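We number each residue from 1, following the sequence as shown. Only a predicted model underlies this, so the values are computations on that prediction, with no experimental measurement involved.
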Amino acid sequence: MKKALSRAKKGWADMEQKGKWLLLLFIDILLFICALSLNIIALYFLVILLSFFIYRNGNAVLFKEYDDRKRQKYEDYKVVQEAAKESIRTGKILKKKKEL
């Protein structure tokens, strides 16, 4: 029961963090639109700084699921690549083709 509660609390904490970063991203987008429409140079720099801050600190929170999927696909790719290198190195594929 305690583990389920701790997981639920962690889930809420993750959602709060993600909500915070999404709010900052939304504010940054609004500032960018205002900077384009009002053509205020200082606002451009503020948008750039805020975007850089969000990228550096909020990227892991905002895109955690995407990064996990991408990492898993890369690991699968590396396994297939190593298997292909090994089969080419040992010549198993070429021997099977000659037998056919």
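- The hydrophobic cluster around Leu30 extends to Phe26, counting ILVMFWY residues whose side-chain heavy atoms fall within less than 4.5 Å of a member.
- At a threshold of 4.5 Å between side-chain heavy atoms, the hydrophobic network of Ile, Leu, Val, Met, Phe, Trp and Tyr places Leu38 and Leu46 in one connected group.
- When all heavy atoms of Asn59 and Asp67 are compared, the closest pair comes out as O-OD2, 4.4 Å.
- Residue Asn57 holds its CG atom at 11.0 Å from CG of Leu62, rounded to the nearest 0.5 Å.
- Taking Tyr44 as the reference, Ala35, Leu36, Asn39, Ile41 meet the side chain to side chain contact (heavy atoms under 4.5 Å, CB included) condition, with sequence neighbours excluded.
- Residues meeting the side chain to side chain contact (heavy atoms under 4.5 Å, CB included) test with Leu23, sequence neighbours left out: Ile27.
- Every residue two or more places apart in sequence or in another chain was checked for a salt bridge (Lys or Arg N to Asp or Glu O under 4.0 Å) with Asp76, and none qualifies.
- Residues meeting the salt bridge (Lys or Arg N to Asp or Glu O under 4.0 Å) test with Arg56, sequence neighbours left out: none.
- Linking Ile, Leu, Val, Met, Phe, Trp and Tyr residues whenever their side-chain heavy atoms come within less than 4.5 Å leaves Leu25 and Ile48 in two separate clusters.
- For Leu49, there are no side chain to side chain contact (heavy atoms under 4.5 Å, CB included) partners at least two apart in sequence or on another chain.
- Residues meeting the salt bridge (Lys or Arg N to Asp or Glu O under 4.0 Å) test with Glu82, sequence neighbours left out: none.
- Criterion: ILVMFWY side-chain heavy atoms under 4.5 Å apart, direct or through other members. Under it, Ile54 and Phe45 are part of a common hydrophobic cluster.
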* Asked: Under the salt bridge (charged side-chain N to carboxylate O under 4.0 Å, His left out) criterion, do Glu86 and Arg89 qualify, and how do the steps go?
  -> CA-CA 5 Å; Glu86 183 65 28; Arg89 191 172 336 149; 3.4 Å; yes
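- Considering only residues two or more places apart in sequence or on other chains, Phe53 meets the ring-ring contact (aromatic ring centres under 6.0 Å, His included) condition with Trp21.
- Cluster annotation: Tyr55 is not connected to Leu24 through the hydrophobic network of ILVMFWY side chains, with a link wherever side-chain heavy atoms come within less than 4.5 Å.
- Residues that satisfy the salt bridge (Lys or Arg N to Asp or Glu O under 4.0 Å) test with Glu65, not counting sequence neighbours, are Lys18.
- With sequence neighbours left out, Tyr77 forms a side chain to side chain contact (heavy atoms under 4.5 Å, CB included) with Tyr74, Gln81.
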